[in-house]
> 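Please see the structure below; I have some questions.
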There are 2 protein chains.
Amino acid sequence: MEDGTSKAPSYCTGTDADQARQWDVRADCDVRNILDRVADKWSLLVIALLDRQTMRFSELRRTVDGVSQRMLTVTLRRLERDGLVRRTVYPVVPPRVEYELTPLGISLHEVIKSLVIWTEDHQQEISDARSEFDRRELEAAVS
Amino acid sequence: MEDGTSKAPSYCTGTDADQARQWDVRADCDVRNILDRVADKWSLLVIALLDRQTMRFSELRRTVDGVSQRMLTVTLRRLERDGLVRRTVYPVVPPRVEYELTPLGISLHEVIKSLVIWTEDHQQEISDARSEFDRRELEAAVS
DNA sequence: CAGTATCCCTTTTGATACTG
DNA sequence: CAGTATCAAAAGGGATACTG
């Protein structure tokens, strides 16, 4: 632990622990830049919602509970910029704009899906852990 | 798309599309609460770093580039509260505090790992998409 | 060493009003 | 309908000083 090689965790796909994948954790690295986008509250929800379906702006707005018009716009633009979502504008009046996942977005969704499923599967454990933590904290505060 | 069942994406594990997993997207639902924690800048990094190793506070501070002492403390407390990280205090002078993943944390790390790997594998595509988007935007701004 | 407490600045987000 | 623009509120986060 004192030799400096422990700095980055290795996402090694092989047998040894430090060859294949070395994670760059610099604040300005690409992985961090992308993760900051992906690991975003609204992005995750939007990507999940666009699973195998095209949705209009207003549909998304109604479905993603709590999102403001502004944040939905911002989120969709970022996802579009990252090549995860395709935006199609139909030149009609009133305007009709549809959003759908790109192939890249679909591949990300596969990963996100497992995250959401993990969350669903473990929400009780987490909820219990929180209660227990809070209980102990309260107990400690009394004494 | 107009029948109301399209509201929640189905994370169906079976053959049909709406039975097994229905995602609750209410703003106050458990999944959202937990996802907000997981989808956090520092949490992801800390969990990844604690992969198969125990680390001291100062080690984490040095390794997670850019994190402040305050944010590291806050992040670790949240992870501990959620039952993802175990905090062990050794009653020595100077204090020695070690952090490690709990079994729950380890299982989450498996999922996060695939997210990080996805990011690494697709960073070039995303980078290209961003350049292309920005180029078109600039082009549109000129006209 | 491993924090906590405080202050303060910056970024993010939400509400509101307006537009092609 | 699907935005954009603007402003205000809130959260996030950094720097510093202090403590068991």
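The structure displayed is predicted, hence computed values, not measured ones.
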> Measuring to OP1 and OP2 of C:dA2, would you say a side-chain N or O of B:S58 lies under 4.0 angstrom away?
yes

> Measure CE/A:M71 against P/D:dA2 and give the value in whole Å, please.
19 Å

> Taking atom OG of A:S107 and atom CD of A:E110, what is their separation to the nearest 0.5 Å?
8.0 Å

> Please tell me which of the listed nucleotides, C:dA2, C:dG14, D:dA2, lies nearest to the side chain of B:V97?
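For the B:V97 side chain, the nearest candidate turns out to be C:dA2.
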
> Could you let me know what C:dG20 is paired to, Watson-Crick or G-U wobble, both distances under 3.5 Å, or none if it's on its own?
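The answer is D:dC1, by the H-bond criterion.
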
> When you check the gap from the basic side-chain N to the acidic O, do A:R135 and A:E132 get nearer than 4.0 Å?
yes

> Atom CG of B:L76 and atom P of C:dC1: how far apart are they, to the nearest Å?
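My rounded result for the distance is 17 Å.
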
> Consider the side chain of A:S68, meaning its heavy atoms from C-beta on, and name the nucleotide among D:dG13, C:dG14, D:dA17 that approaches it most closely.
C:dG14

> With rounding to the nearest 0.5 Å, note down the distance linking CD in B:E125 to CG in A:L84.
9.5 Å

> Using Watson-Crick or G-U wobble geometry with both distances under 3.5 Å, which nucleotide pairs with C:dT11?
D:dA10

> Quick one: A:L60 CG to D:dC1 P, roughly how many Å, whole number?
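About 14 Å, once rounded to whole Å.
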
> Counting only side-chain heavy atoms from C-beta out, which of C:dG14, C:dA2, C:dT4 sits nearest to B:T73?
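Out of C:dG14, C:dA2, C:dT4, the nucleotide with an atom closest to B:T73's side chain is C:dT4.
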
> How many Å lie between CG on A:L72 and P on C:dT12, as a whole number?
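Spelled out: CG on A:L72 to P on C:dT12 is 18 Å.
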
> Can you identify which nucleotide, out of C:dT13, D:dG3, C:dA2, has its nearest atom closest to the A:R77 side chain?
D:dG3

> Which residue in the set A:V64, A:V97, A:T63, A:V46 passes side chain to side chain contact (heavy atoms under 4.5 Å, CB included) when paired with A:M55?
A:T63

> D:dG3, OP1 or OP2 - any side-chain N/O from A:Y99 closer than 4.0 Å?
yes

> What's the closest nucleotide to the A:Q69 side chain, out of D:dG3, C:dG20, C:dG3?
D:dG3

> Taking atom CZ as the centre, does B:R87 end up with more than 12 heavy-atom neighbours from other residues, nucleotides or ligands that are less than 6.0 angstrom away?
yes

> Just the rounded figure in Å: distance from P of C:dC1 to CD of B:E98.
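Rounding to the nearest Å, CD of B:E98 and P of C:dC1 are 14 Å apart.
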
> Can you measure A:R87 atom CZ to D:dC1 atom P for me and round it to whole angstrom units?
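To the nearest whole Å, that distance equals 16 Å.
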
> Report the distance from atom CZ of A:R96 to atom P of D:dC1, rounded to the nearest whole Å.
11 Å

> The side chain of A:R78 is closest to which nucleotide in this list: C:dT13, D:dG13, C:dA17?
C:dT13

> Find the distance B:R62:CZ to C:dA2:C1' and express it as a whole number of Å.
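Result: 13 Å.
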
> Could you pick out which residue, B:R70 or B:R61, lies toward the 5' side of DNA chain D when each is mapped onto its nearest nucleotide?
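This one resolves to B:R70.
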
